[in-house]
Amino acid sequence: MEVVTRIAPSPTGDPHVGTVYVGLFNYALARKHGGRFIFRLEDTDRQRYQELSEQRILEMFTWLGLEPDESPVKGGPNGPYRQSERLDVYRAHVERLIAEGHAYRAFETAEELDAMRAEQRRLGRPLGYDGRGRTVPREEQERRAAAGEPHVVRLVTPDDGTTTFTDRLRGQIAFANEEIRDPVLLKSDGYPTYHLAVVVDDHLMGVTHVIRAEEWITSTPIHVLLYRALGWHLPEFVHVPLLRNPDRTKLSKRKSDTSVDSYRRQGILPEALLNYLATLGWSMPDGREFFSVDEMIAAFDLDRISTGEPIFDLKKLKFFNAKYLRELLPLEDVAARVKPLFVERGFELGDDPDYVLDVVDVLRPRAETLVELADQAGYFFTEEFPYDEGARKQLAAGQTHLQAVERELSMLEFFDYDGVDDMLREYVQDQAVPMGKVMMPLRAALTGTTSAPGVVDLIVILGKRRALARIGRALTFIDAGLPDDDPQKALEEARRQEEAAKRGKPVAKAKGHG
RNA sequence: GGCCCCUUCGACUAGCGGUCAGGUCACCACCCUUUCAAGGUGGCGGCACGGGUUCGAAUCCCGUAGGGGUCACCA
């Protein structure tokens, strides 16, 4: 039998990591068995419906590479795939359930139900619909409905006995039927509830495995009763663990960042997100921690899903992301993905494609996300970067070395890594000074910061001309007295003074050397 | 509160009667080193508790505790 799975999100807001998580397992099982993975939109709540949500969720799956075989956009043999477009289907099944005595029309108002619950609470009795509408004669139900009286349709549930089903991961689960209280199937607005819609659609769409979060366990007996009332075979139920906030409550927007779009904006890679999510509750038989979706599919086995309750840990997600950024993805790939962020920041990329590659190569071990990488890259793409506080200190202390290195560098014959490296080492040795005394001021001059890639790498990547220019700029800056404000302004001021001096006019000195 | 689910290092997990209880993240130390990272090596740290079953239990059973979910005309 063909394996058919589905993801059935509600269009109520930002694409949620929980949707990816459950979607991943559904996708993996379907692909593993050459089956189909269906995307169905559960848009039966008109209150919480959000216009753009469907599109964003669909785009998220595309971004992740978890393409559904059937969806509202793609279509397929089981459409429509929006529940709001299937109202007649649900209505037909409800009619049948009523006709066969499995359901009835109930006319209690919201106030009436509230009062009922209040009374139950007062008496300390279990909460839930007490079945009072069952006693209304069928003819009266139909008459009132025909007269346009608002009502819902409820499922008739047994008063005693138990309803049992098998969860693939947890074994047999039994519920006393008295716990199940004639749930609403069709709302008074004519829309189905989740319970009705999910059962009807899963059956009609041929879903064989219902893989969903464990929060649904308690409503599964309702579904089982419905399957029976409709005379349908049960699918396999697989309740996967619920993702948690750090305090172990159900992952929520209030306590965690649950938006996939947000992670995407932060420069999280889809590969990393999927890989990390996969390790939450699932493991490779050989213990590998890093694997692609395809590798997961190849090794996939529902029985390897654990039942623990994993905390969604941003730190570990970042770790996975960093791993992909610096090691698992080819350099060209990473470069292609950061480039748009460079452009966004107004960086002049130039026309040498290797330059960007070199920059990314040297920066990626230092970044955990694409955004972090881009944020660090500024000085590679402008000659007008600022000097931070640490850099200014280094410049102040390193003037003589900067002048010397500027001279040495300009005379350097073999301008490659070894050439520059040899030159600097010889200089340090000749001067008999600690390396840092030379390297740190150089780094400051080259980048405006004190934490950056190796000086030799920087010089080689920037090229002789720009390296020399930057050292020269730093020296001018030092001459200007290392003001705290904008270096560009300071440098212009310095130049003005220089010209004035040439013309022999006395000028006031801005500030003495620190 | 009723019902249901869950329980191995701080976090994610491997384990499915016999293991020195393994790995990863985080944390700490050391190494490498011109800074920051990355990388390397090592360390800290765990079977919730109590009963059984068994020659032998993290593994099986029962109970307790703790955590979570759910009790809507939301999904």
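So you know, we letter chains A, B, ... as the sequences are listed, proteins then strands, and number each from 1.
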Legend entry - Of the listed nucleotides B:A11, B:C5, B:A14, the one nearest the side chain of A:Arg304: B:A14
Inset, instruction - Describe the nucleic acid contact of A:Thr450 in one word from base, sugar-phosphate, nothing, applying a heavy-atom distance below 4.0 Å. - result: base
Inset, instruction - With a 3.5 angstrom cut-off on both distances, give the Watson-Crick or G-U wobble partner of B:C60, or none if there isn't one. - result: B:G52
Inset, instruction - Report the nucleotide, chosen from B:G23, B:U35, B:C12, that has the shortest atom-to-atom distance to any side-chain atom of A:Pro310. - result: B:C12
Inset, instruction - Describe the nucleic acid contact of A:Ala174 in one word from base, sugar-phosphate, nothing, applying a heavy-atom distance below 4.0 Å. - result: sugar-phosphate
Inset, instruction - Take the angle between the ring planes of A:Trp216 and A:Tyr194 and call it parallel below 30°, perpendicular above 60°, tilted in between. - result: parallel
Legend entry - Closest nucleotide among B:A38, B:C12, B:C4 to the A:Ile173 side chain: B:C4
Inset, instruction - State the pairing partner of B:U34; accept Watson-Crick or G-U wobble contacts with both distances under 3.5 Å, and report none otherwise. - result: none
Inset, instruction - By nearest nucleotide on RNA chain B, pick out whichever of A:Leu280 and A:Met439 is the more 5' one. - result: A:Leu280
Legend entry - Name of the residue among A:Phe312, A:Trp282, A:Tyr324 meeting ring pair (Phe, Tyr, Trp, His ring centres under 6.0 Å) with A:Tyr276: A:Phe312
Inset, instruction - Classify the nucleic acid contact of A:Gly454 as base, sugar-phosphate or nothing, counting any heavy atom under 4.0 Å across all strands shown. - result: base
Legend entry - Paired nucleotide for B:A65 [Watson-Crick or G-U wobble; both distances under 3.5 Å]: B:U7
Legend entry - A:Lys318 NZ - B:C27 C1' separation (whole Å): 17 Å
Inset, instruction - Determine the contact category for A:Arg121: base if any of its heavy atoms lies under 4.0 Å from a base atom, sugar-phosphate if only primed atoms, P, OP1 or OP2 are that close, otherwise nothing. - result: nothing
Legend entry - A:His239 and A:Phe237 aromatic ring geometry - parallel, tilted or perpendicular at 30°/60° bounds: parallel
Inset, instruction - Could you encode protein contacts along nucleotides 68-75 of chain B as a string, one character per nucleotide from 5' to 3', using B for base contact, S for sugar-phosphate-only contact and - for no contact, with a heavy-atom cut-off of under 4.0 Å? - result: SBSSSBBB
Legend entry - Pair A:Glu295 + A:Arg288: basic N to acidic O under 4.0 Å: yes
Legend entry - Phosphate contact (B:G39 OP1 or OP2) by A:Arg366 side-chain N/O below 4.0 Å: no
Legend entry - Watson-Crick/G-U partner (both atom distances under 3.5 Å) of B:C20: none
Legend entry - A:Glu368 CD - B:C36 C1' separation (whole Å): 13 Å
Legend entry - B:G51 to B:A58 separation - P atoms, rounded to the nearest Å: 14 Å
Inset, instruction - Using a 4.5 Å cut-off on heavy atoms from C-beta on, say whether the side chain of A:Thr12 contacts that of A:Gln50. - result: no
Inset, instruction - State the pairing partner of B:G45; accept Watson-Crick or G-U wobble contacts with both distances under 3.5 Å, and report none otherwise. - result: none
Inset, instruction - For the pair A:Arg366 and A:Glu372, find out whether any cationic side-chain nitrogen is under 4.0 Å from an anionic carboxylate oxygen. - result: no
Inset, instruction - Give the nucleotide from the list B:C12, B:U34, B:C5 with an atom nearest to the side chain of A:Met435. - result: B:U34
Inset, instruction - Identify the nucleotide, in any strand shown, that forms a Watson-Crick or G-U wobble pair with B:G1, with both distances under 3.5 Å; if there is none, say none. - result: B:C71
Inset, instruction - Indicate, with a heavy-atom threshold strictly under 4.0 Å, whether A:Pro434 touches base, sugar-phosphate, or nothing. - result: nothing
Legend entry - First encountered from the 5' end of RNA chain B, between A:Gly281 and A:Lys323: A:Gly281
Inset, instruction - Spell out yes or no: do the side chain of A:Lys437 and the base of B:U34 have one donor N/O and one acceptor N/O closer than 3.5 Å? - result: no
